[in-house]
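Residue numbers start from 1 in every chain, and the chains themselves are labelled A, B, ... in the order their sequence lines are given, proteins ahead of strands. Because only heavy atoms are used, hydrogens play no part in the values below, and waters and symmetry mates are left out as well, while side chains stay in.
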Amino acid sequence: MPELPEVEVVRRGLEDHVVGRTITAVDVLEPRSLRRHLPGPADFVARLRARTIVAARRRGKYLWLALDDDVHGDAVLCHLGMSGQMLISDADAPDPRHLRVRLRLDDGRELRFCDQRIFGGLAISEDGAVLPPEITHIARDPLDVAFDPGGFATSLRRRQTGVKRALLDQTLVSGVGNIYADEALWRSRLHYARNTRHLRLREIESLVGHVTDVMTEALAQGGTSFDALYVNVNGQSGYFDRSLSAYGQEGRPCPRCGTPIRRDAFMNRSSFTCPRCQPRPRNGRW
DNA sequence: ATGAATACCTGAGAGC
DNA sequence: TGCTCTCAGGTATTCA
């Protein structure tokens, strides 16, 4: 499901509702959601009891809750995968269908990790309050104040690959997934197969600007929801699906030129382009 | 270095 | 109705 704007919406919800709360108990209903917590579910439960949440942070599509017990700077590291949700609920509200892990809080509410497909998960990150060591390979994202567009342009041009493949590589720039990659490429009039080595500097600058813009706009709309799989911590959908120009628009007219948007299979998923605004490179060079 | 394939999962919808 | 097939916002690992 979620890309950077959706994860940031969730992070803000957690900042508002769980920072300052203490975890009183943990229920693990689905151990596979703790696959990445190598010491296992019992350890996860034992180590969270009585810990206080002091911050909600994010890099790219990862988010984490910094914990304070005056001894460790640990964190609960979370990735939502394709279908993960973090929901804040009153304790007496009925359990949702795909509830996997419940954190009971000291204000009578619960933080519930729900995940239909179990691609996401939670783990305790030792000493991970500032930046979990598990995710140091994840590059800064375009909404990070320390994101370096010039450095990104340099590393992009050192690559020899398709530009969409590079956008989706979380070690080059993080937070971009299939939706916002297609939207930013459409805004930049770039075909996904354009070779990174041969992009003009102004094309890269345009691309970085559009990636930043589209994710900022999506964030302001609460993210993109196609169905009930992406919601904020209060269970509400985002509205950016109404503003999509290319993604999911197969057969509909390009908002710029009216040519029907086409869908191609690419990287075991779909890519949406305007065949007129985003011509396919002919020889793989440009 | 690059990228293809695979693994990890559930469920909705289409077509028969 | 049920069966099979395809598709879906992602990441990590292994192998060519």
> Say you pick atom P in B/dA5 and the same atom in C/dT6; how far apart are they, in whole Å?
Replying inline: 16 Å
> What residues, two or more places apart in sequence or in another chain, satisfy salt bridge (Lys or Arg N to Asp or Glu O under 4.0 Å) together with A/R165?
Replying inline: none
>> Can you tell me if A/H79 touches the phosphate of C/dG10, counting only side-chain N or O atoms and a distance under 4.0 Å to OP1 or OP2?
In response: no
> With sugar-phosphate meaning primed atoms plus P, OP1 and OP2, does A/Y180 contact a base, only sugar-phosphate, or nothing at under 4.0 Å between heavy atoms?
Replying inline: nothing
Polar atom pairs between nucleotides 12-16 of chain C and protein, under 3.5 Å, N or O only, would you list them?
unit_1 : atom_1 : unit_2 : atom_2 : d
C/dA12 : OP1    : A/Y62  : OH     : 2.7
C/dA12 : OP2    : A/H137 : NE2    : 3.3

>> If you count every heavy atom of other residues, nucleotides or ligands that lies below 6.0 Å from A/N268 atom CG, does the total exceed 12?
In response: no
> Which one is paired to C/dC5, where only Watson-Crick or G-U wobble pairs with both distances under 3.5 angstrom count?
Replying inline: B/dG13
> Hey, which of A/L67, A/L48, A/D68 is the one that makes side chain to side chain contact (heavy atoms under 4.5 Å, CB included) with A/I53?
Replying inline: A/L67
>> Any carboxylate oxygen within less than 4.0 angstrom of a Lys/Arg side-chain nitrogen, looking at A/R194 and A/E203?
In response: yes
> At under 4.0 Å between heavy atoms, what does A/T224 touch on the DNA or RNA strands: base, sugar-phosphate, or nothing?
Replying inline: base
> Which ones in residues 117-132 of chain A lie close to DNA chain C, meaning a heavy atom under 4.0 Å from one of its atoms?
Replying inline: A/R117, A/F119
>> Please identify the 5'-most and 3'-most nucleotides of DNA chain B with any atom under 4.0 angstrom from a heavy atom of chain A.
In response: B/dT2 to B/dA12
> Out of A/V9, A/V10, A/L87, which one pairs with A/V231 under the side chain to side chain contact (heavy atoms under 4.5 Å, CB included) rule?
Replying inline: A/L87
> Base, sugar-phosphate alone, or nothing: which one does A/F240 contact when heavy atoms must sit under 4.0 Å apart?
Replying inline: nothing
> In chain order, what residues pass the ring-ring contact (aromatic ring centres under 6.0 Å, His included) check against A/H37, with sequence neighbours excluded?
Replying inline: A/F44
>> Parallel, tilted or perpendicular, judged at 30° and 60°: which one describes the rings of A/F266 and A/Y192?
In response: tilted
>> Both A/R35 and A/Q160 contact DNA chain B. Taking the nearest nucleotide for each, which residue is further toward the 5' end?
In response: A/Q160
>> For A/V45, give me all partners under side chain to side chain contact (heavy atoms under 4.5 Å, CB included), at least two apart in sequence or on another chain.
In response: A/V26, A/V28, A/R49
> Which base sits across from C/dT13 as a Watson-Crick or G-U pair, both distances under 3.5 Å?
Replying inline: B/dA5
>> Set out, in order, the CA-CA distance, both residues' side-chain angles and the distance that settles salt bridge (charged side-chain N to carboxylate O under 4.0 Å, His left out) for A/D27 and A/R104, then state yes or no.
In response: CA-CA 8 Å; A/D27 301 330; A/R104 299 181 192 268; 2.7 Å; yes
> Contact class for A/D227 (heavy atom, under 4.0 Å): base, sugar-phosphate, or nothing?
Replying inline: base
>> Measure CG/A/L229 against C1'/C/dC7 and give the value in whole Å, please.
In response: 13 Å
